[in-house]
Amino acid sequence: MRSVQILGTGQLLELQRRLRAAGHENIRSSMQRRIRRAAEPLRNDMRDTIRSLPIRAEPRKPGKRGGPSPTTRPLRATIAGAVRISVRTTGSPGARVWIDRASLPADLRDMPGTMNSSDGRIRHPVFGNRRRWANQWTTPMWWEKTVRSHTPRMTAEVARVLDDVRNRLT
């Protein structure tokens with residue numbers, strides 16, 4: 001799973017140089033704020049998508065026991081809470097929507113990638129017993145589908161921000 005980046009690197013770098021030369025700190029902070037706002041609907045939709053992902057399991061076999069989960073930590077809400085936005089105007093400028101794996105518990109750091117895999121299969125030990133494994137499935141490639149639906153709007157919004165800032169500088 002990759003992070004999402006809205007780039008116009010050449011345009012942003014050129015604009016950043018002109019902003020520095022002109023000394024317009026408020027224009028630069030306004031540009032960063034507007035680029036962040038352009039990415040916020042994607043972040044929010046990404047969080048909603050994660051929270052509503054269906055996770056299905058194999059039916060129980062006859063004679064098998066079940067029980068309550070040994071953890072009270074909600075999987076989807078934990079992952080949704082780790083979706084972040086970062087905006088950079090130097091180096092490789094643009095807006096980035098990503099999952100902060102460092103904010104996830106150690107045992108869930110690989111889970112976003114596993115849930116987004118091409119087959120959508122989540123294989124895990126049954127209640128931590130590494131001799132018994134279970135399979136569960138979720139919607140595959142949900143990250144790419146959500147990003148694809150937002151890319152045209154975000155690209156147009158970032159282009160509009162760049163045009164506005166360019167017009168204010170001239």
Side-chain angles (χ1 to χ4, degrees), residues 1-9 12 31-159 161:
M1 180 170 42
R2 298 178 308 267
S3 62
V4 184
Q5 296 183 12
I6 298 298
L7 302 172
T9 306
L12 285 171
M31 181 178 81
Q32 287 178 321
R33 185 174 47 253
R34 289 179 65 191
I35 290 173
R36 176 177 293 277
R37 281 192 192 137
E40 283 175 355
L42 173 60
R43 181 201 57 198
N44 296 339
D45 194 22
M46 196 66 72
R47 287 178 173 174
D48 292 342
T49 301
I50 294 169
R51 284 188 184 106
S52 64
L53 270 177
I55 297 178
R56 346 175 261 298
E58 298 171 331
R60 285 204 181 109
K61 296 175 179 76
K64 300 293 178 181
R65 288 176 269 177
S69 173
T71 178
T72 58
R73 181 181 61 222
L75 171 69
R76 289 172 280 207
T78 302
I79 294 171
V83 177
R84 306 274 190 263
I85 297 175
S86 60
V87 176
R88 294 181 67 187
T89 55
T90 59
S92 62
R96 185 173 161 222
V97 177
W98 52 290
I99 293 183
D100 182 12
R101 291 176 39 163
S103 69
L104 293 173
D107 60 333
L108 293 181
R109 294 211 170 118
D110 293 331
M111 190 56 71
T114 302
M115 291 171 68
N116 191 51
S117 64
S118 60
D119 63 353
R121 183 176 86 147
I122 304 168
R123 186 168 185 266
H124 61 89
V126 177
F127 297 120
N129 180 354
R130 299 191 92 36
R131 288 182 285 164
R132 291 186 53 108
W133 290 76
N135 289 313
Q136 291 182 293
W137 289 270
T138 187
T139 307
M141 308 303 281
W142 53 269
W143 182 272
E144 284 79 8
K145 291 175 188 172
T146 307
V147 168
R148 209 174 304 122
S149 68
H150 283 269
T151 301
R153 181 199 52 77
M154 287 178 59
T155 305
E157 179 66 25
V158 169
V161 168

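We number each residue from 1, following the sequence as shown.
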Closest approach of Val147 and Thr151, non-hydrogen atoms and distance?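 Heavy-atom minimum between the residues: O-OG1, 2.7 Å.
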Minimal non-hydrogen separation, Trp98 against Trp143, with atom names: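 For Trp98 and Trp143, the tightest heavy-atom pair comes out as CA-CH2, 4.1 Å.
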Output yes when a side-chain donor or acceptor of [X] lies under 3.5 Å from a complementary backbone atom of [Y], and no otherwise.
X: Asn116; Y: Trp142; result: yes
X: Arg109; Y: Arg101; result: yes
X: Arg47; Y: Val83; result: yes
X: Arg76; Y: Leu53; result: yes
X: Arg84; Y: Gly81; result: yes

Can you name the side chain to side chain donor-acceptor pair (under 3.5 Å) partners of Asp119, sequence neighbours left out?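 Applying side chain to side chain donor-acceptor pair (under 3.5 Å) to Asp119 gives Ser117.
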For Gln136, give me all partners under side chain to side chain donor-acceptor pair (under 3.5 Å), at least two apart in sequence or on another chain.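 Per chain and number, Gln136 pairs via side chain to side chain donor-acceptor pair (under 3.5 Å) with His124.
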Interatomic spacing from [atom1] in [X] to [atom2] in [Y] - rounded to 0.5 Å:
X: Arg51; Y: Thr78; atom1: CZ; atom2: OG1; value: 10.0 Å
X: Leu42; Y: Arg153; atom1: CG; atom2: CZ; value: 7.0 Å
X: Asp48; Y: Thr146; atom1: CG; atom2: OG1; value: 10.0 Å

Mind checking whether Val87 and Arg33 have side chains closer than 4.5 Å, heavy atoms only?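 A side-chain contact under 4.5 Å is absent here.
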Evaluation steps, side-chain contact (heavy atoms from CB on, under 4.5 Å), between Thr49 and Lys145: CA-CA 10 Å; Thr49 301; Lys145 291 175 188 172; over 6 Å; no
